[in-house]
Student: 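Encoded as structure tokens, here's the structure I'll be asking about.
Numbered from 1 within each chain, the chains take letters A, B, ... in sequence-line order. Just so it is clear, the structure is predicted and the values come from calculations on it, not from any experiment.
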Amino acid sequence: MSFNHRKIEEKWRNYWIDEKTFATKIDSEKQKFYALDMFPYPSGSGLHVGHPEGYTATDILSRMKRMQGYEVLHPIGWDAFGLPAEQYALDTGNDPAVFTEQNINTFRRQIQSLGFSYDWDREVNTTDPGYYKWTQWIFIKLYEKGLAYVDEVPVNWCPELGTVLANEEVIDGKSERGGHPVVRKPMKQWMLKITAYADRLLDDLEDLDWPESIKDMQRNWIGRSEGAEVEFTIDGHEDNFKVFTTRPDTLFGATYAVLAPEHPLVEKITKDEQKDSVQAYLDKVQSKSDLERTDLAKEKTGVFTGAYAVNPINGEKLPIWIADYVLMTYGSGAIMAVPAHDERDYEFAKQFNLEILPVLEGGDIENEAFTGDGKHINSGFLNGLNKEDGIEKALEWLEENNKGTRKTTYRLRDWLFSRQRYWGEPIPVIHWEDGTQTTVKEEELPIVLPKTTEIKPSGTGESPLANIHDWVNVTDPTTGLKGKRETNTMPQWAGSCWYFLRYIDPNNTNELASKEALNKWLPVDVYIGGAEHAVLHLLYARFWHKFLYDIGVVPTKEPFQKLFNQGMILGENNEKMSKSKGNVVNPDEIVESHGADTLRLYEMFMGPLDASVAWSTNGLDGARRFLDRIWRLFVTDENMLSEKIQEGNDNDDLVRIYHETIKKVTQNFEDLRFNTGISQMMVFINEAYKTDYVPKSYAEGFVKVLAPIAPHLAEELWSILGHDETISYQPWPAFDEKKLEVNEVEVVIQILGKVRAKMMVDKEATKEEIEEKALNVDAIKERLEGKTVRKVIVVPGKLVNIVAN
RNA sequence: GCGGGUGUGGCGGAAUUGGCAGACGCGCUAGACUUAGGAUCUAGUGUCUCUCGACGUGGGGGUUCAAGUCCCUCCACCCGCACCA
């Protein structure tokens, strides 16, 4: 008979919630373990089968660690501000708060139906004023330290969404959310100075137990490059300009210079006879959308200004060009072009017939730029040096002669932090009528988002909050000075930058979390979520955490010691699940038809946690079949303990496999290799079916290791085994290394690397004994007839390889 | 183009330090039980020959007594970045 998952799962789900089985004692004496899930954005479409994959992984670890005697913090919450709810509210005329609350209720119900061992008293919600009070507080601290500032910058304006977006939120010239077109537009915006932390964000990656691919993505995003800033004067002109280069050693090979179209000197230095063509070029560049600028057809374009720069190293005159392959936003917006040794400059020089002068030996500059290493030539005092020494000597020369300095630049830009939207944390700043601006006093926090029915973006770049006069207009009670509140709100990423801190002390009204609790519980021991947050969330959260570390709020430099990215669950047709493809699997239906335990088991057994694997209904059935097999082994049709489970000592047929199972499963779970751990559990059950009886102690040990994967079923089996209390805090079973040993081991006998026979030998047998025995095996003797044995290799306990011809 | 990764039966995937390739599951085949089976149990299942055996981890080459694992080379696919000087 198969077990009734609906009844069993409901029973234990209610038990855990009613008894608060998984409440964390935050000041416990036990060793701590903090297992964190990336908290979900509670979308209107509900939970997806992809969500439970990562959640099950952390849940297994949490349940195992509890049984191993740790105090476990395993919380969940809601990243509930953000564009989709607001867009939906706009489209349907609903209040985003109401809509969000409904979504959260759905998510909570769905997550609870899967039996995750969250501490439900620690739920956080980024849209709760009690929570975002502290998001605002952190903003004020950033402001006080000069890390939050207003700047007029060219921003990514998305007309469709009516808001600006951070660089990280723009993909191929379109908004990450919704895929709407994005254009460049100068606007006054709040910025966070993440660049001040660029070096630390880069260097501290070294000590983190994170996937190398994620670390690399962050390294590339930060994009530190070391080189020199070199000063160029302009022939017959007062002004000069700086260029950034990583190859100061190639300065002798510079044959022209390029300014970005937006460079402030462009207008000043352009000669009269070039004015028309330069203006025409600038017009053309400006009308290009971001999409066109990143277009794949990368033909170089540009125009000559008529002006000449002077190469500081040899006094040569270099024509100054304008071209959009030089970006105003990187370095100084100007470059020295060394076409012989830079691919982009080479292309440009070919296009416009500019001089190409090699300064490094090797390569064939007739056909392509040479970017490798070689001896310097045509380079005055650098001649004969290699790349590394050349760079060093050039840097020394530049500094001695006041022509340039060592300089490090970054690809990372400051974080654009304002959104012209309603559904976000209000930025706690007041602009006063005397032209000053201040942050709100801490005791006035939180600045609560006002209720309104008018949440439509104005489209002019002003937030809908600007129309709520009661809220916007303030008067200082002591001075009578009038002012207006900042009407921009924070981006969605703000709330998720620190939520893992709030879980530690979620109801604290005096501080974001108590110092003692933070000291005990940080860092997060394991953090599991999707790879889509590789740069956005994970970089921002690290930045805020480092800042909080600097002002003494948190005790660790990094928030997440170990990070793991779960893979994607694809549709049955091997494609990404999506409504339009009709291949979405709804977890509610699986819980109903197969049970939560089956879903958990199946998702963990599909393959390695980090792989993307297609959903398979047959595979799901197989997972259920395994649970049924366990049930039938333990329980009779009358729901009594099966006679096959017997009190008493070891069963010799089962003893080794039992201890091996405990060992492997424990190790595999620890390593997040759930698929192999489960396979070992299947091996045990297969063996248990073949033998006459299963000692009760083995049965109990097995149910304990099953509990993290299939907790409802395990609880039920545990009670059928005669226990009154939850299995959740029962000690994790131990294995006995001695029981794994065998007296005789099978050794394979190979001839020339091919397996020809097998034999049993004593575990303690010496190499000589094994060799002798192997040569006396009949099948081997036959094969060696007429051949000379040249060599015999013996690997004790494993194999014998005979080299004979 | 740059960076990271993957490639093993019909399918998902196993395989410490090089040491029996294909654990476990799905699917398939046969048998048992059964009024019945999309239930359950038992056995089998890499390919070719069905007897000995040969061949097999993307292709080719190499090191080694021994290679999925190490080295060289080529190919395919996935992810990220993309004129970042």
Side-chain angles (χ1 to χ4, degrees), chain A residues 1-2 171-172 211-221 223-225 227-228 243-247 250 258 260 293-296 298-300 323-327 329-338 341-345 347-348 409-413 531-532 534-535 565 567-568 574 601-602 605-608 610-623 625-626 628-629 632 664 667 673 675-686 689-690 746-758 790-804:
Chain A
M1 249 200 28
S2 85
I171 310 226
D172 294 335
E212 200 51 39
S213 61
I214 301 289
K215 288 197 199 179
D216 253 310
M217 279 156 87
Q218 295 216 345
R219 287 188 194 110
N220 292 338
W221 193 266
R224 176 161 71 192
S225 64
V243 308
F244 174 72
T245 178
T246 55
R247 296 295 303 275
T250 61
V258 187
R293 260 182 118 158
T294 53
D295 210 11
L296 289 173
K298 273 178 192 155
E299 195 164 295
K300 295 274 185 291
D324 68 352
Y325 85 91
V326 173
L327 309 173
T329 45
Y330 186 78
S332 53
I335 62 153
M336 64 175 203
V338 185
H341 306 292
D342 180 282
E343 282 161 24
R344 295 151 300 179
D345 297 344
E347 253 179 69
F348 190 80
T409 55
Y410 303 87
R411 204 188 82 114
L412 180 73
R413 318 279 160 71
E532 65 272 20
V535 281
N565 293 122
M568 233 185 312
N574 239 307
L601 172 71
Y602 172 59
F605 187 61
M606 287 175 94
D610 58 357
S612 292
V613 181
W615 182 265
S616 152
T617 305
N618 281 330
L620 180 73
D621 290 340
R625 208 143 47 219
F626 174 56
D628 278 334
R629 265 168 77 75
R632 284 197 310 272
K664 268 198 176 169
Q667 189 59 51
R673 299 180 58 212
N675 56 329
T676 51
I678 291 165
S679 117
Q680 182 61 38
M681 287 162 66
M682 291 172 168
V683 170
F684 175 79
I685 291 298
N686 288 345
Y689 262 93
K690 286 179 195 157
E746 190 183 57
V747 165
V748 299
I749 308 169
Q750 300 179 328
I751 296 175
L752 288 171
K754 296 207 165 75
V755 179
R756 297 304 181 188
K758 294 178 184 182
R790 304 281 175 195
K791 199 174 175 185
V792 179
I793 292 110
V794 179
V795 183
K798 287 238 167 85
L799 60 74
V800 179
N801 191 7
I802 301 162
V803 186

Student: Identify which nucleotide among B:rG25, B:rG80, B:rU40 has an atom closest to any side-chain atom of A:M217, counting heavy atoms from C-beta outward.
Tutor: B:rG80
Student: Between A:R756, A:K758, A:K798, which is the residue that forms a side chain to side chain contact (heavy atoms under 4.5 Å, CB included) with A:V748?
Tutor: A:K758
Student: Regarding B:rC65, can its base be found pairing with the side chain of A:N801 as donor and acceptor, where the two atoms are less than 3.5 Å apart?
Tutor: yes
Student: Between A:Y325 and A:K300, is there a cation-pi geometry (under 6.0 Å to ring centre, at most 45° from the normal)?
Tutor: yes
Student: Hey, is A:R219 close enough to A:D216 for a salt bridge, meaning N to O under 4.0 Å?
Tutor: yes
Student: Let's test your reading of the model: under 3.5 Å, does the base of B:rU16 pair with the side chain of A:K664 as donor and acceptor?
Tutor: no
Student: Should A:T676 be listed as having a side-chain N or O under 4.0 Å from OP1 or OP2 of B:rG13?
Tutor: no
Student: Starting at the 5' end of RNA chain B, which residue's closest nucleotide do you reach first, A:V535 or A:R247?
Tutor: A:V535
Student: If you assign each of A:L799 and A:A623 to its closest nucleotide in RNA chain B, which residue comes earlier from the 5' end?
Tutor: A:L799
Student: Return the nearest nucleotide to the side chain of A:K791; candidates are B:rC65, B:rC24, B:rC26.
Tutor: B:rC65
Student: What nucleotide among B:rG19, B:rC83, B:rA14 has an atom nearest to a side-chain atom of A:K300?
Tutor: B:rC83
Student: When rounded to the nearest Å, what value does the distance between P atoms of B:rG46 and B:rA21 take?
Tutor: 14 Å
Student: By nearest atom, which of the nucleotides B:rC65, B:rC81, B:rU40 is closest to the A:W221 side chain?
Tutor: B:rC81
Student: Please map the stems of RNA chain B, keeping only stretches of three or more Watson-Crick or G-U wobble pairs with both distances under 3.5 angstrom.
Tutor: B:1-7 with B:75-81, B:10-12 with B:24-26, B:27-32 with B:40-45, B:46-48 with B:53-55, B:58-62 with B:70-74
Student: Go through B:rG13, B:rC65, B:rC81 for me and flag the one nearest to the A:A611 side chain.
Tutor: B:rG13
Student: Nearest whole Å is fine: how far is B:rG3 P from A:D216 CG?
Tutor: 10 Å
